[in-house]
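Since the structure comes first, as structure tokens, the remarks are kept for the end.
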Amino acid sequence: MYVCNCNGLTQKQVHEAIKNRPRDVEAVYRYHQCQPQCGRCVPDIREMLDEARETEAA
Ligand code: FES
């Protein structure tokens with residue numbers, strides 16, 4: 001499933017970037033050598049990051 005249609009980033013790819021402990025949403029795009037374009041996916045990626053941090057902290 002695509003999270004970012006502009007860059008063709010899938011949920012799997014975003015999780016892969018998150019495993020590398022990005023500091024912020026920008027770092028997730030950088031990991032895949034792209035950058036936000038329309039920005040529609042930014043809240044979704046932020047949410048995925050937050051969830052990963054919460055899981056880590058638990
Ligand atoms: S859907 Fe990700 S930048 Fe547009």
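Every number for a ligand or one of its atoms is a count from 1 in the order of the listing. If you're wondering where the values come from, they're calculated on a predicted model, not measured in any experiment.
Contact check for Pro22 versus Leu49: side-chain heavy atoms found under the 4.5 Å cut-off. For the pair Arg30 and Asp24, the minimum side-chain heavy-atom distance is below 4.5 Å. In this structure, Pro36 and Glu26 have side chains that are in contact, with non-hydrogen atoms separated by less than 4.5 Å.
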If you look only at distance, which donor and acceptor atoms sit under 3.5 Å apart when one is on a side chain in residues 51-58 and the other is two or more places apart or in another chain?
residue: Arg53; atom: NH2; partner: Arg23; partner atom: O; Å: 2.8
residue: Thr55; atom: OG1; partner: Glu51; partner atom: O; Å: 2.8
residue: Glu56; atom: OE1; partner: Arg21; partner atom: NH1; Å: 3.1
residue: Glu56; atom: OE2; partner: Arg21; partner atom: NH1; Å: 3.0

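A donor-acceptor pair shorter than 3.5 Å cannot be found between the side chains of Gln13 and Tyr31. For the residue pair Asn7 / Tyr29, no side-chain donor-acceptor distance below 3.5 Å is found, with atom types taken as modelled.
Shown are the protein N/O/S atoms under 2.8 Å from atom 4 (Fe) of ligand 1, given by residue and atom: Cys6 SG, Cys38 SG.
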